[in-house]
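Right, one structure below, let's go through it.
In what follows, chains carry the letters A, B, and so on, assigned in the order in which the sequence lines appear, proteins first and then strands, with residues in each chain numbered from 1. Bear in mind that the values here come from a model prediction, so they are computed numbers and not experimental data.
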Number of protein chains: 2
Amino acid sequence: MKYLSRPEELILLTVWKLKDEAYGVQIRKYVQKMTGKYWSIGSIYVPLDRLENKGFLESEKGEATSERGGKSKRYYRITQEGLDQLEALQEIHKKFWQDLPDASFKKS
Amino acid sequence: MKYLSRPEELILLTVWKLKDEAYGVQIRKYVQKMTGKYWSIGSIYVPLDRLENKGFLESEKGEATSERGGKSKRYYRITQEGLDQLEALQEIHKKFWQDLPDASFKKS
DNA sequence: ATTAAAATTCTATAATATAGAAAAATAACT
DNA sequence: AGTTATTTTTCTATATTATAGAATTTTAAT
């Protein structure tokens with residue numbers, strides 16, 4: 001891939017946003033809330049894995065501090081490389097969207 | 001796909017931008033110029049096909065008016081549905097990028 | 001006729017998207 | 001103590017998309 005895919009972008013941004021609450025279930029909730037769409041479990045965890053393998057995310061297992069039991073959480077945080085990828089995306093986005101015909105909805 | 005993929009987005013925007021000069025070779029040139037990266041022939045024509053099948057683009061064969069001979073061009077133009085997809089993308093982009101931690105490069 | 005040029009079409013492989021069942025881990029309940 | 005309910009992740013399989021470039025088509029120039 002030349003750039004992050006769409007799911008990768010949204011998930012990276014979510015990890016960044018959620019800070020120390022960035023684990024799978026929360027990430028999924030946030031993405032679903034923001035997009036207003038259903039995201040399967042796999043459509044979150046598979047990209048998370050891939051982003052970590054590529055060095056755009058780091059993770060560590062959390063303490064066993066759940067309210068009502070359950071497997072321990074895996075917390076993610078974005079790396080500098082991850083931030084760089086997002087920045088590259090932002091640049092290309094601006095470049096393409098600023099250079100549009102007249103009556104477009106290019107505002108913002 | 002929930003949203004346009006990255007190549008689909010960039011190619012749609014390019015067709016929109018190029019207006020009556022939106023055919024394969026030109027589209028490829030523009031995308032390469034804007035991204036500064038190599039795009040194979042297939043990485044342009046395959047998405048173009050798909051975007052047309054999905055109704056986000058329309059096309060028609062051009063007259064045989066080449067300078068030095070050659071197969072006739074296929075001209076594309078964006079449909080209302082295509083514009084709608086781009087708008088949906090813009091919305092989701094804004095929503096995610098505006099809602100970021102402090103010291104981000106979220107300017108623009 | 002033959003060659004060169006311009007452009008697209010076609011086809012194959014790699015990577016990513018997407019879905020959800022299965023497993024793991026722990027707290028609560030009896 | 002053992003069983004059950006809950007939380008979360010891990011795993012695996014299929015569909016779709018990305019990516020590359022060879023082959024083909026078409027026409028102008030030689």
Give a yes/no on whether any side-chain N or O of [X] is located under 4.0 angstrom from OP1 or OP2 of [N].
{"X": "B:Tyr38", "N": "D:dA18", "result": "no"}
{"X": "A:Ser40", "N": "C:dT18", "result": "no"}
{"X": "A:Ser5", "N": "C:dA17", "result": "yes"}
{"X": "B:Arg74", "N": "C:dT9", "result": "yes"}

B:Met34: which residues meet the side-chain contact (heavy atoms from CB on, under 4.5 Å) condition with it, sequence neighbours left out? A:Lys95, A:Phe96, A:Asp99, B:Tyr30

What nitrogen or oxygen pairs link the protein and nucleotides 2-5 of chain C at under 3.5 Å?
none

Closest heavy-atom pair, A:Lys61 versus A:Ser72, reported as atoms and distance to 0.1 Å, is CD-OG, 3.6 Å

Taking all non-hydrogen atoms of both residues into account, name the closest pair between B:Val15 and B:Ile78 and its distance. CG1-N, 3.8 Å

Using the test ring-ring contact (aromatic ring centres under 6.0 Å, His included), find all partners of B:Tyr3 that sit at least two apart in sequence or belong to another chain. none

Between the protein and nucleotides 11-16 of chain D, which nitrogen or oxygen pairs come in under 3.5 angstrom?
none

Check the distance between [N]'s [atom2] and [X]'s [atom1] and give it to me in whole angstrom.
{"X": "A:Leu4", "N": "C:dT16", "atom1": "CG", "atom2": "C1'", "answer": "13 Å"}
{"X": "B:Leu48", "N": "D:dT19", "atom1": "CG", "atom2": "P", "answer": "14 Å"}
{"X": "A:Leu18", "N": "D:dT8", "atom1": "CG", "atom2": "P", "answer": "14 Å"}

Taking salt bridge (Lys or Arg N to Asp or Glu O under 4.0 Å) as the test, write out the residues that go with A:Arg28, two or more places apart. none

In residues 26-36 of chain B, what residues come within less than 4.0 Å of DNA chain C, judged by heavy atoms? none

